[in-house]
Each structure stands twice: as structure tokens, then as C-alpha cells.
Chemist: 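Here it is: the structure, laid out below.
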Amino acid sequence: MIDVAAMPNLTPVLAEIMLTAGAMLLLMFGVFTGERSTPTVTGMAVALLAGAVLVVALGEGTSVTFGGAFISDAFSRFMKIATLVASAVAIAMAVGYARNERFERFEYPVLIVLATTGMMMMISANDLISLYLGLEMQSLAAYVVAAIHRDSVRSTESGLKYFVLGSLASGMLLYGASLVYGFTGHTNFEAIAQALVDGRSVGLVIGLVFVLAGLAFKISAVPFHMWTPDVYEGAPTPVTAFFAAAPKLAAVALMVRVTIEAFGPVTADWQQVVSFVAIASMLLGSFAAIGQTNIKRLMAYSSIGNVGYILVGLAAGTQAGVQGVVLYLVIYVVMTLGAFACILAMRRRDQMVEDIESLSGLARTQPFTAFMFAAILFSLAGIPPLAGFFAKYWVFLAAIEAHLYGLAVIGVLSSVVGAYYYLRIVKLMYFDEPLVTFERMPAELKTVSALSGAFLLVFVLFAAPLVEAAAVAARSLF
Amino acid sequence: MYSAIVFLPLFGAIIAGLISLAGAAARHPGGSPAHGAEDHATDSFAPRHRGVHAPAHHGAAIAHPHHEPHAESDAAHGGHGPGAAEIVTSAFLVICAVLSWIAFFRVGANTGEAFTVPVLRWIESGALAAGWALRVDTLTAVMLVVVTTVSALVHVYSIGYMSHDPHRPRFFAYLSLFTFAMLMLVTADNLVQMFFGWEGVGLASYLLIGFWYHRPSANAAAMKAFIVNRVGDFGFALGVFGVFVLFGSVEFSSIFANTQAVAEGGEVGLRIFGSVFTGEGALTVVCLLLFMGAMGKSAQVPLHTWLPDAMEGPTPVSALIHAATMVTAGVFMVARLSPLFEHAPDALIVVTVVGAITAFFAATVGLVQNDIKRVIAYSTCSQLGYMFVALGLGAYSVAIFHLFTHAFFKALLFLGAGSVIHAVSDEQDMRRMGGLRRVIPVTYAMMLVGTLALTGFPFTAGYYSKDAIIEAAYAGHTTAAGLAFVLTVVAAAFTSFYSWRLVFMTFHGKPRASAEVMEHAHESASVMLIPLYVLAAGALLAGIAFSGLFIGEAQEGFWKGALFFGPENEILEEMHHAPFWVGISPFVAMVLGFLVALWFYILSPDTPRRIGEQHEGLYRFLLNKWYFDELYDFLFVRPVMALGRFLWKRGDGWLIDGFGPDGVSARVLDVTRNVVKLQTGYVYHYAFAMLIGVAILVTWMMFAG
């Protein structure tokens, strides 16, 4: 007998409630004060996210609520903090852009907060229903944010593409979820896992493939990646920065939880799917990026490739693999945000520049930016002793320990190909003649790129606490 | 004292090298931050001075390395730096030369055995132990005198000759480095140390031939010298290895002590391509390999081709390295290893034949050359052939004596030629000289002395040494000796002809140079002339003064076993009993050569051209140096270049690059091009891709699972 009237335990969802309420309040504030409230709303949104970080950090142990649909554990807390920080940084990075490009919309921070709420629900989802709720909440906000530059054709086009394809992916996910429910009789992850212990049917495998396809769309893994380059290029750059960072964290976290918690007994099945997607993503990310001339498209392929490496860790299906995934995600987000801080600084005479060639000779015109960007790019290329090297090292190590040698070899080879386009940018910045002179870098971007570069450079010395936290997070899933 | 003789030039080289580096830093301010501030101050004082003069200077160095020596003093533009380098190195060398003469008389008069001055332990690896020590005996003392004296004179001469070159410190650093390496070679106590000096002089020679590195021809000549010597050095190195195999040591003293035992058939043999050599056969193999090194260094046929080209270097270099010292290293080495060669009679026959052929060959080529330095270069080549003839006959002391006297008159001739070239604005072609004897009378006189000595005019140095070689050749018992006798006598006539031809074409007749050049022609500065006087004195008197010691009655007390003569080697005794006509034959040959030259170039200047036209083929053959360069070009250079080009274009470019880096990157780009094409921008394509992806995965899972 379920006591319907009983109040569910709200302590684990405190942060989500806080964000939702805060977002509503900010929206009201914005509506009543008008466009000039944007700086205030932005600041308050960042403060709200910071407060949520505190609330999340205070939680401990594992607790379940809403009839087992929502879970708060070490893994969720780790990923939530990372997501919140990434979202806050994305909001902060938009300040200068919004001022210069004259799109000061208070809706932007509010939408980001709402999307973040969705992401947190994704991270904590412990049931197919709550999974879908979180996913859609995040996605709907993201569709709007992609098209937020209403007057720009590229922006609206990208928003529309994202929406249409995202709907398709949601449909697949729902279809898969219904199949899973049909063949197991459960929506709760633990219950599904229980039902699978005694064996699985072909129908469940088909459902599994569809669920994974829907999630793969969110993390832009091949072959569900097609939207990524177009949306990254079309969306306003701060939005692209946001897309490349926080949602990846949430979606990968969700995927980890679904595969490990719900489909743990059928690891051998999803391992094949994830491996296939990982290989395809790594190869495509590396090869297609070489042909790009637009830095945002290049970053799109870069993120596709990185998702491939992350999935290598997941494919291992072990605790070490999950730990590698968690660490890779953190390092990837730091690199991506730093890189986008540098990309956002590419503007001259009231105009954003997205051409890779225009970075030529940056080392002479803006040595600081060039140095930070170079550090970030070296890290993305996986050059030791920068953080990006260790990220790759851990996931490949996990794959080798799980005897997935082919996966690791392909990963290393494609990262060699990938190194080419990262290093080409370094070469342009340091060895070519300057073509254009950019305007001075705004303070907030400078801060972000400096923090990112510093993190990547000294990671090798101070990695221990982060590695320990990631180990705790990974352990909570097993 | 011996350490001082050997190492002072090294210190000089280092000091001059440092000055040169500092000078280079000063020429390119900013290169070295430490000097930057200082130079800046200088620059701001006289920016125009530096900016304009230095490059102009540079140009002058290339086109006219020594134009008008006394027009400007060093201090006017160079500052104290270059001057210091010259003074330090020259002073050190003069000190060395004085010490060497003291050592020479001390060792010569001394009755004791040879002794060694240990310097340091060097290589000790298993049975191989090579220390660093200075072996001092009469042979070393003679070489010390020759090397340091000529080197000191050349240093002093170069102060004048190179006064307009902006890179003087570098030049003097190289000269002193060379001298150090040469001294290392002649004082070597073991074969490894000797090889060190051997390679050191090769390096210095390379650096000095290519001193004017702006000239492609100089670079080519430097490389040619280095590469041709590499061939010889390869043999030398193999010879050293062979000695180590046979004797288990590279120390001279232990080698010489065991030669007899090894020659009689020791336990160890040399296995070469399946056949085993023991005893005398093994020694012959080793000696031939060592002689191969000597052939390279001493420019013997067929490894002689680098020497004429080496004349691209500054003339003082030609005098020091390519006449007096380095090229005689081969002669010295064979003499030093006389105990080995004495036990390998077959090797000695080869030495004789190669020497005789070289003496004859180089003399014939010298007949028709028009470049004043090349004539002297071929003359050197020929005279080295004489020395090897003497060595091959077992008359080691005669060879060393000729080496000794030759150093004086050949250095004199080269430095005189340098003075001539200096006088006529860097013209080296004798066809554009003539009538210079009135313009530069002192140089003329010096060249006459050198020529007399070279051709063996009675009582000059060459008369004693060269005639002794010819007599020894007559006294030899082998067929090779007979051949050597004929060839050396003929070569003596040729020597006389080309030497006098040189004198007549350069100093006599009507001036063939342009009026402008003749107007500028002038006698050299005294800093250049004084070395000429000293060498002229040597060329005239060295024979009379030292023939008794070197090859005469006193020779046994003089050499004291530094040179080894086998028990049945009576050549020195027998050569004194040669018939009268043998003794007179070189003189007759000399007179004949002189008369023909007189007739051709003074009395009847049209004759040479007529004869040249009548014997067109022969003339071309000689003018093109028997087509050795062309032959080598065909035999070695082209095949090697073809092989290199094949490996480069096909092997590296096509195979490795094509299937390696280039091929892979091209395939990557192909893949990229195709992958990028997938991104059409149409939503329905994207949706299709997603559905296809799901379909593939579902199918796969259904059949795989």
C-alpha cells in the first residue's frame, strides 16, 4: 500500500527546488523591470547557481525520494557541482558578448537556470519517467536558448534544427523506454536490473538500443551527432559554449547511471553499442575537424571526438572506467570553457570573427591569450603533462584493463589525427604573420581562460583531491 | 719544454677562437646579450663607420682578399681585437719554433735513447690502452723544427697577407689549431694518438681550404679534400686495427719490440675475405693499409686529386699545410713505422712504385698548368712522390731529409707566389703576368732562390736531398727501383722545365697584365718579406748544413735508432758508390729542363703554342691532369650521386614519405573531404542518418546477441 497522502522527502531535491523557484522569481523580476534588468538577473542567476552548489555540497550519503524516482548519491553530487559551475561560467562568459552584440535578454540566464535544473534532474534520475522529465526540461530550455538571437537567421535555423532532431531523439527514447517497460514490467532502474538478472529478451535489447540512441543524441555521439556542427556554428557563441559544457556532463552522467544501474546485468549488450558509438565518434571527430575553417564548427567536431573518448571509459563498464569518465568530463569541461573564452575574445571592430585563419600571429598581438589558448589546445591534443593527457590516459587504461584493446588502439590513433588540428592552431598563432588585430579581451573571459589554462597546467601537481572525489563518485554506482 | 711546444699553439688557437667569437658577436649585436650593451655604445659612437666599412670589407675579402696591404692600418677599423689574435698566435708560434730548434740540437747532440713525456691517460678499454704522451726522438725533433718553423713564418707572413680580411682571428685560430694537430701527430706515442693528430690536421685543412666560404669553389675544394682523405683514412684506420690484432697494442715501443716476432709468424693472423695472413703476409697487409692513409694525406696517385683543388685556400695555408707540413704526414708516418715496413718488402715495392708514378705524373701535369699556385701544387705532389720513392727503397733518412729541405723551398715558393699574387691584384693566371721582375725585385730574387733549390742547383738544399733520392733509386736492387730511377730522372728534367717556365712567364718578357694592374703592382710589406728571407736562407743552406747529419757520415749518431734499417738494408752505403753518370744525371736533367724553358719562353715564345697545336691530344691530356677528375667523376661521383638520388627520390621520397607521413596525411585529408561532405545541412539527411544508425545497431544487436 502506497501512502499517497504522505509527503515525499524533499531534502534530496532541495537544490532543484531552490533553482526552480529562483528561476521563476528571476523571470518575474525580469518581466516587470524590462530589458535593463539583464545585468542584475545575470548576477543573481550566477549567485543562485552558486547557492545551489553549496546546498548540493552539504548533502551526504545516499537517499532516494519520490518513490525511488530520484536519487542523491556521491556520483550525483559530484556531477551536479560540476554542472552548476559549468552553467555559472557559461552565464558569466555571455556578459561581454551580450553587451557588444546588443542582445541583452534577461531570459538568457533564466533559461540557463531552468536548463540546469533539468540537468540536475537527469543526473539524479533513477527511473525512466524522471529520466525523461529531466531530459525534456533541459532540452526545451536549450532549444529556446539556441534560437535566442531571434533576428539572426543562423541562430533561428540552428534552434529549429535542434528542436526537430531533438524531438526525433526524444521519440526514440520514449519508444525504447516503453519497450523496456514492456519487457521488464518496471520503470525504476533497480527494479529493471532485478528483472534482468534472470536473462533478457530480444525486445529488451531493441529497447536498450533505442534508449541509448536517444541519450547519444544529447551527447552528440556519432551517428546521432549531425545536429552538432550546425547548431554550434549557428547559435550565439556563449550559447555554444554552454552547449559544449554543462549538458554534456548531465547527459553522460545520465547515460552512465542508466547503463550501470539499470542495465548492469546486460553489460555485454550495451558494451557493444557504446563501443561502436565511441569508435565512430572518435574517428569522425578527428577526421572531420581537419577540414574545418570555422573555429566553432571545429569545436563541435572536437566535442564529438571527446565524447568518443569518454564513451571508451564507459564501454569498459568498470569502476575504473566510470572514474575515468568522471575525470575526463571535468577536464573536458574546463578545456572547453577555456577554449570558448578565447573564441569569444575573437572580435574586431564590433564584429565577431570565427575564421581559424584570423588567429594567425596572435602570439604577437595578444601573447597572454595566445599562451592560454595554446595551453588549452595542447591539453586537448593530449600532450603530457597537461590535464588532457591524463584524461585520455585514464579512459584508455580502463579500456585496456577491461580487455578492450581494439578500442584503446583506435582511440590512441585517432587522438594522433586529432592532435593535428589542435596543433595547427598553435602553429598559426605562434609562427604565422598576424592578419587581424583583435580587441582587448574582456576581464571575465580573461579570468576564465587564465583559470582554465592554470588548471590544465598544474593539474599534474594537484590532481590527488579531484581524483579521490571522482573515485568516491564512481564507487557509489557499484 | 715539449709540452710547451705542443700545447702553446692550442692555447693560441683557443684565444684566437674566443676573439673571433667575440668579434662575431660584435658584428651582430643582439646575438649575445652580455655584449649587447657594450656594442651598443660603440655603435652609437660610430654607427656609420661600422655600417659602411664592415660590409665593404667583407666584399673586399671575397673578391680581393689582400689588396694593398699598407693602405690602411688595422687599428683604423678593426679595433684591438683582431690584432690581438694575430699577435698572440704568432708570438706563441715563434716561441715554439725557438724551443723546437733548441730541442733539435739537444736531441741531435744527445747520445741517449728516445724518451717519452707522459701527458695523461686517455683510453683504457680491455686490452686497448692508449695513453697521451709525447714521444721525443730525432725524427720527432726534425718534424718539430719543420712544423714550428714554417708555421711561425707563415703566421707572421699572414699578418701582412690577410691584413684586409675581416675574419683574421678565425684564420689565425685555424692556423694554430692546425699546428697543434700536426704537432700532436708528430709527437704521437701510439697509433691512436697519431690518428687523432691525423684527423685533426684533416679538419684544420678542411676549415682553411674553405676559409672563404662565400666561394662555392672553395667549399667544393674543402669537401673534396675531406672526402678524398676519408678514403685514405679508412685504410689507415683499418691498418691501426690490424696492428692491434697482430700486436695486441697500439704503443709504438711495444709494436717495434715485437715486429721481429710477428714477422716470423706469430700465433695471430689476419683473416681477410676468407684467406688468412700470418707473419710477413700479415705485416704486408697492415703496411699497405697504413700506406693507403699516407697516400690520401700525402696526395699520392690515385688519391692526389684534392691537392691542386686545395689551392682555393689562402696562399699561406697552401704554403703551410699543402706544401711543408700536413702533406708530409704520410712520409713521416711511413718513416715512423719503418720497423713495420722494413719487415714487409712487398709493401715497400708498392710504396716505391706509387711514389715514382706520382713523381712522374705530377711533373708532367705541372708542365702545362697556367695557374701559378697549381704549378707549385703539382710540384709538391711530385716531390712527395720522390720522398715515397726514398721510403720504398728503405732510405728513410733520405726521405726525411728531402722532407726537411723541401719544406723550406716549397714554403718559400708558395709564399713568393703569394707575394706575386698580392702584387698583381689577385691574378693567379701566369698568362696574364710577365715582366714583373722590375716591379717586385725582392720577390723575384726569392722565387729564384726557391726555384734553384727545387730544381737541385748545386749546393742548394734540393741538390743534396733530391740527388740522394735518385742515387738511392739507382742503388736499389728491385725492378721497381729501376723504374723509379728512370721516372725520377725524367721528372727532374720536367721539374726544372716547369719551375723555370713559371719564373719566365711570371717575371720575364713583356707585361701581359692590364696597365691598371701593372700600375698598382707593388712590392709586399716587410712583414711578408722577412719570412721569405728566412726561408730563402733555409733553401740555400739547409742542404750543406745538414746533409752530413741526415744522410752522411754522422747519420747513425744523429738518428740513434729513430729510423729502423733492416740487417740487409745497405742502401745508404750503396748509394754513395753510384757511378759518376748517375750522380751527374739529375744535374744534366736540370740543365736540359732549364734550356728548354729558356728557349720556349724567352728566346722563341711561339714554340710552345706550335708544339701544343701539333700534339693537341697530348696537350689536352696533360692540361686535364690525365683526366683523373673526369675518371673519378664517372667511376665514383656519378654512381654515388645516382644512388643517392635514387634513395632520396625513390627510397625516401616515394617509399617512406609516400607510404609513411605524406601518404597517411593525404589519406586523412581524403577521408576528411568525404566525411565533411556528409554534413549537407538538410534536416532530413540528419534524421535519416540517425534512423539508419539505430537500424544498424538494432540489426547488429539482434544477430550478435
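Here is how names work: the chains are called A, B, and so on, in the same order as the sequence lines, proteins then strands, and each is numbered from 1. Computation of the quantities below employed the complete heavy-atom set of this structure, encompassing side-chain atoms and omitting hydrogens, waters and symmetry-equivalent molecules.
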Chemist: Would you indicate whether B/Tyr206, at its atom OH, is surrounded by more than 12 heavy atoms from other residues, nucleotides or ligands within a distance under 6.0 Å?
Modeler: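 Incorrect, the count does not exceed 12.
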Chemist: More than 12 heavy atoms of other residues, nucleotides or ligands under 6.0 Å from CZ of A/Phe163: yes or no?
Modeler: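 Not buried by this count: 12 neighbours or fewer within 6.0 Å.
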Chemist: Would the distance check show the side chain of B/Thr672 and the main-chain N or O of A/Phe287 forming a donor-acceptor pair, the cut-off being under 3.5 Å?
Modeler: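 Looks like yes, one N/O pair under 3.5 Å.
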Chemist: Side-chain contact, heavy-atom cut-off 4.5 Å: B/Gln679 with A/Met226?
Modeler: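 Yes; the side chains approach each other to less than 4.5 Å.
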Chemist: Which answer fits A/Ala268, side chain, backbone, both or neither, if we ask what part of it has an atom under 4.5 Å from a heavy atom of chain B?
Modeler: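 For A/Ala268, no heavy atom lies under 4.5 Å from chain B.
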Chemist: Would you name the heavy atoms of B/Gly693 and A/Pro223 that are closest together and state the gap between them?
Modeler: CA-CG, 3.6 Å
Chemist: Would a 4.5 Å heavy-atom cut-off, applied to side chains only, mark B/Met702 and A/Val205 as touching?
Modeler: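 Answer no - side chains too far apart.
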Chemist: Going by heavy atoms in the side chains, are A/Leu165 and B/Met690 under 4.5 Å from each other?
Modeler: yes
Chemist: Picking from A/Ile206, A/Val202, A/Asp230, which has the most non-hydrogen pairs under 4.5 angstrom with chain B?
Modeler: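 Of A/Ile206, A/Val202, A/Asp230, A/Asp230 has the most heavy-atom pairs under 4.5 Å with chain B.
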Chemist: Take a 6.0 Å sphere around CZ of A/Arg364 and say whether it holds more than 12 heavy atoms from other residues, nucleotides or ligands.
Modeler: yes
Chemist: With a 6.0 Å cut-off (strictly less than), is the heavy-atom count around OH of A/Tyr175, excluding the residue itself, greater than 12?
Modeler: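 No, because the 6.0 Å sphere around OH of A/Tyr175 holds 12 heavy atoms or fewer from other groups.
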Chemist: After noting the C-alpha distance and the side-chain angles of B/Val698 and A/Phe210, does the key distance pass the side chain to side chain contact (heavy atoms under 4.5 Å, CB included) rule?
Modeler: CA-CA 8 Å; B/Val698 166; A/Phe210 272 93; 4.0 Å; yes
Chemist: If we ignore hydrogens and angles and just use 3.5 Å, is the side chain of A/Lys161 paired with the main-chain N or O of B/Tyr686 as donor and acceptor?
Modeler: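 A pair under 3.5 Å: no.
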Chemist: Please check if the number of heavy atoms outside B/Trp648 that lie under 6.0 Å from its CH2 is greater than 12.
Modeler: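 For B/Trp648, atom CH2 is not crowded (no more than 12 foreign heavy atoms under 6.0 Å).
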Chemist: Quick one: what part of B/Leu691 sits under 4.5 Å from any heavy atom of chain A, side chain, backbone, both or neither?
Modeler: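 Both parts, backbone and side chain.
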Chemist: Measure the CG-CG distance between A/Leu212 and B/Leu697 for me, rounded to the nearest 0.5 Å.
Modeler: 8.5 Å
Chemist: Go through the atoms of A/Phe217 and report whether side chain, backbone, both or neither lie under 4.5 Å from a heavy atom of chain B.
Modeler: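 When you check distances to chain B, only side chain atoms of A/Phe217 fall under 4.5 Å.
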Chemist: Shorter than 4.5 Å, heavy atoms on both sides: which option in B/Val676, B/Val694, B/Val675, B/Ile696 has the most such pairs with chain A?
Modeler: B/Val694
